[in-house]
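Side chains are part of it too, since the values below use all heavy atoms of this structure and drop only hydrogens, waters and symmetry mates.
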Amino acid sequence: EAWGAPPTVAGYKGGDLVGLRERLDYLQDLGITALYLNPIFAATANHRYHTQDYLTVDPLLGGNVAFAALRDEVHRRGMRIMLDGVFNHCSRGHLFFSDVLENGPASPWIDYFTIQGWPLHAYDETGPANYDCWWGLRALPRWNTDHPAVREYLLRIGEYWVRQGIDGWRLDVPNEIHAPGFWAEFRQRVRAINPDTYLVGEIWGDASRYLAGDQFDAVMNYLFTESAIQFIGQDRTQQPLVSGMGYHPYPALDAVGYANKIDSVLRMYPPEITAAQFNLLDSHDTARLRDILGGDEAGVRLATLLLCTFPGTPSIYYGDEIGLAGGRDPDNRRAFPWDHPATWNAGALAYHRQFIALRQAHPALRHGTYTRLAPTSDTAGGLVYAFARHDAEKTIIVAINAGTQTERVAVAPPPAPSRMERGDSAPQMLLGARDALRRQGDALELTVSPRDACVLSL
């Protein structure tokens, strides 16, 4: 299909890993330090969640040679790369399943899948599929992960790509693999090769059972996503774009509701897990935030600031930084308009760069403790939320006004011993007007414009 044509369920646009390597200058200039790639292995679908060969990078993407060149260049730049692992199911075109279709009960791989009866109807929908498949989709036969040989096969794939130099795995629907100890063993084996391998599970809700230190380092933090949309979106959230999904970014929350919900999310996991969480505003599975908010640029900017200042690892879905639009799948997977920079949203690109640089310039935003500053009580109705990220050296205060009226908020910064000893307590406004700040005894009073924010450093 033409590069700029609307995405379709089965169409291909022609992008590849060679092109991605050529764009690393752009990504590094933006401030990106790691790449998460949707599945790249040979598959029978444009999104490649129908894995046909786990050991071969899709030739349409340039094959294993193109991946090796990308990996080497990413690492040369001090960046990291994470692949998408789809180990719950495969394609009906996978060699093992194709053999079952060909040879029936005589196939040596018959026990790799859960067969319910014969004949199998992998392509003919006039009869029952007669095998377990993901969400009833015949194109996606499920692995029988209770079978020791299947378990070993999948674990070796995990090990193989870590040996090939990847820095992490994003694991697709891991909560649907119920084989006892599977993910604990996966962690043990890949960590034996590279102790720093980052493991992220695609779990949309409370993932406490997976984040006890024995399985994943993080999950895709859709609890943060939905909370941010509830607070920032208010009445702008486009309900048809978010209904029936795996998250619930509605109803709208005022500042108290948002702060309370975020407090509960942060209490779910140990601080070490929170610091590693994979935070996002949208993804290949959701409509883009800009569309969800009905094109409200101020809202996208505020949500991006939240993303870049919140505990965890901020993830930016490609194209969000230039205002790429997109509704529900597959519209959310539009091609990046590389050759038409005049169509880019220059303002969005500027504030993405600004907020990423802000995070990188202040270690407290990457590693510091989170403290809620305002609102401090359960008084409903306000739309100003403020919090601090702080370490022994510095405190960063962020105040966000999701409302349409100018608001004043008084905050009491948490103490920072080293700063107090130096006597260096003069605040520096990093974002917002200088006259937006004034002292009020031991507290600071911030004046925050409508649909705007202030960030200051102490």
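- A pairwise comparison of heavy atoms in Ala276 and Ala218 identifies O-CB, 3.2 Å as the closest pair.
- A donor-acceptor pair is defined here as one N or O able to donate and one able to accept, closer than 3.5 Å; no such pair exists between the side chain of Asn332 and the backbone of Ala287.
- For Arg408, the CZ atom is loosely surrounded, since the number of other residues' heavy atoms within 6.0 Å does not exceed 12.
- A cation-pi geometry, defined here as NZ or CZ lying under 6.0 Å from the six-membered ring centre and within 45° of its normal, does not hold between Arg209 and Tyr269.
- Of the inter-residue distances, the one linking Ile177 atom CD1 with Asn88 atom CG reads 5.0 Å to the nearest 0.5 angstrom.
- When side chains are defined from C-beta on, Leu373 counts as touching Thr371, because their heavy atoms get closer than 4.5 Å.
- Considering OH of Tyr26 and CD1 of Ile32, their distance stands at 8.0 Å, rounded to 0.5 Å.
- The aromatic ring centres of Tyr153 and Trp143 sit less than 6.0 Å apart.
- Between the side chains of His362 and Ser457, no donor N or O sits under 3.5 Å from an acceptor N or O.
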For the pair His147 and Asn144, evaluate side-chain contact (heavy atoms from CB on, under 4.5 Å) and give the outcome as yes or no after the intermediate values. CA-CA 6 Å; His147 192 289; Asn144 175 16; 3.7 Å; yes
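- Salt-bridge annotation for Asp296 and Arg451: present, with a side-chain N of the basic residue lying under 4.0 Å from a carboxylate O of the acidic one.
- One side chain, Asn260 or Arg372, offers a donor N or O that lies under 3.5 Å from an acceptor on the other.
- Ring-centre distance between Tyr131 and Phe113: not below the 6.0 Å cut-off.
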Given the rule in the side-chain hydrogen bond (donor to acceptor under 3.5 Å, both in side chains) test, do Trp134 and Glu176 qualify, once you have shown the distances and angles that lead to the verdict? CA-CA 9 Å; Trp134 186 70; Glu176 298 190 27; 3.0 Å; yes
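- No salt bridge links Arg353 with Glu321; every basic N to acidic carboxylate O contact stays at or beyond 4.0 Å.
- Heavy atoms only, all atoms of each residue included: Leu293 and Val300 are closest at CD1-N, 3.7 Å.
- A salt bridge does not link Arg301 with Glu297: every distance from a Lys NZ or Arg NE/NH1/NH2 to an Asp or Glu carboxylate oxygen is 4.0 Å or more.
- The backbone N or O of Thr145 lies less than 3.5 Å from no partner atom in the side chain of Tyr112, so there is not a single donor-acceptor pair.
- Note on Glu159 versus Arg189: salt bridge recorded, some NZ/NE/NH1/NH2 to OD/OE distance being below 4.0 Å.
- Considering every non-hydrogen atom in both Leu306 and Ala228, the closest pair reads CD1-CB, 4.3 Å.
- A donor-acceptor pair is defined here as one N or O able to donate and one able to accept, closer than 3.5 Å; no such pair exists between the side chain of Asn279 and the backbone of Thr225.
- Ionic pairing of Asp72 and Arg76 is not present here: no N-O contact between side-chain nitrogen and carboxylate oxygen is shorter than 4.0 angstrom.
- Residues His284 and Tyr49 place their aromatic rings such that the two centres sit under 6.0 Å apart.
- Taking the six-membered ring where the residue is Trp, Tyr318 and Phe336 present tilted rings, their angle falling between 30° and 60°.
- Side chain of Arg288 to backbone of Gly327: no donor-acceptor contact under 3.5 angstrom is found.
- For the pair Arg438 (side chain) and Leu446 (backbone), a donor-acceptor distance under 3.5 Å is absent.
- Using a 4.5 Å heavy-atom threshold, the side chains of His352 and Thr304 count as touching.
- Taking the six-membered ring for Trp, Phe216 and Trp183 have ring centres closer than 6.0 Å.
- In this structure the side chain of Gln234 reaches within 4.5 angstrom of the side chain of Leu383, judged on heavy atoms.
- Of all heavy-atom pairs spanning Arg187 and Gln215, the tightest one is NH1-O, 2.9 Å.
- Contact annotation: the side chain of Ile397 never approaches that of Val455 to less than 4.5 Å [non-hydrogen atoms, C-beta and beyond].
- In this structure a side-chain-to-backbone donor-acceptor pair under 3.5 Å is present from Arg366 to Gln360.
- With hydrogens and angles left out, the side-chain atoms of Thr51 and Ser91 include no donor and acceptor closer than 3.5 Å.
- Residues Asp254 and Phe231 fail the side-chain proximity criterion, which asks for heavy atoms closer than 4.5 Å.
- Judged by distance alone, the side chains of Asn401 and Asp452 never bring a donor and an acceptor atom under 3.5 Å apart.
- At a threshold of 4.5 Å between non-hydrogen side-chain atoms, the residues Phe96 and Val150 do not count as touching.
- If you check the side chains of Ser283 and Asp285, you find no donor sitting under 3.5 Å from an acceptor.
- The backbone N or O of Val384 lies less than 3.5 Å from no partner atom in the side chain of Glu407, so there is not a single donor-acceptor pair.
- The closest donor-acceptor contact from the side chain of Gln354 to the backbone of Leu431 lies at 3.5 Å or more, if one exists at all.
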Starting from the C-alpha separation in whole Å, work towards a yes-or-no answer on side-chain hydrogen bond (donor to acceptor under 3.5 Å, both in side chains) for Ser449 and Thr406. CA-CA 4 Å; Ser449 299; Thr406 297; 4.8 Å; no
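- A 4.5 Å side-chain heavy-atom check between Ile40 and Leu83 finds at least one atom pair inside the cut-off.
- Atom-to-atom distance recorded for Asp282:CG and Leu241:CG is 11.5 Å, nearest 0.5 angstrom.
- Within 6.0 Å of CD in Glu445 there are more than 12 heavy atoms belonging to other residues, nucleotides or ligands.
- In this structure, OG1 on Thr274 lies 8.0 Å from CZ on Phe310, to the nearest 0.5 angstrom.
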For His47 and Asp329, run side-chain hydrogen bond (donor to acceptor under 3.5 Å, both in side chains): C-alpha distance rounded to whole Å, both residues' side-chain angles, the deciding distance at 0.1 Å, then the answer. CA-CA 11 Å; His47 50 72; Asp329 183 15; over 6 Å; no
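- The environment of CZ in Arg80 is sparse: at most 12 heavy-atom neighbours from other residues, nucleotides or ligands sit within 6.0 Å.
- For Asp53 (side chain) and Phe41 (main-chain N/O), no donor-acceptor pair under 3.5 Å exists by modelled atom type.
- Between Trp169 and Tyr36, the distance from one ring center to the other does not fall under 6.0 angstrom.
- Using a 4.0 Å cut-off between a side-chain N of Lys or Arg and a carboxylate O of Asp or Glu, Asp58 and Arg48 qualify as a salt bridge.
- In this structure, a donor-acceptor pair under 3.5 Å is absent between the side chains of Gln188 and Asp214.
- For Ser227 against Leu223, the heavy-atom pair with the smallest separation is OG-O, 2.7 Å.
- Note on Arg151 versus Asp146: no salt bridge recorded, every NZ/NE/NH1/NH2 to OD/OE distance being 4.0 Å or above.
- When atom types are taken as modelled, the side chain of Gln28 and the backbone of Arg77 share a donor-acceptor pair closer than 3.5 angstrom.
- Of all the heavy atoms in Leu37 and Leu17, the pair that sits closest is CD1-CD2, 4.2 Å.
- Salt bridge Arg170/Asp172: present, at least one basic N to carboxylate O contact under 4.0 Å.
- Tyr222 has its ring centre no less than 6.0 Å from the ring centre of Phe224.
- Using a 4.0 Å cut-off between charged nitrogen and carboxylate oxygen, Asp291 and Arg328 do not count as a salt-bridge pair.
- Contact check on Asp217 versus Arg191 returns a salt bridge, with a Lys/Arg side-chain nitrogen under 4.0 Å from an Asp/Glu carboxylate oxygen.
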Tell me, with the steps shown, if Leu24 and Leu35 meet side-chain contact (heavy atoms from CB on, under 4.5 Å). CA-CA 10 Å; Leu24 289 177; Leu35 304 179; 4.0 Å; yes
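- Within the 4.5 Å cutoff, the side chain of Asp320 has heavy atoms near those of the Tyr317 side chain.
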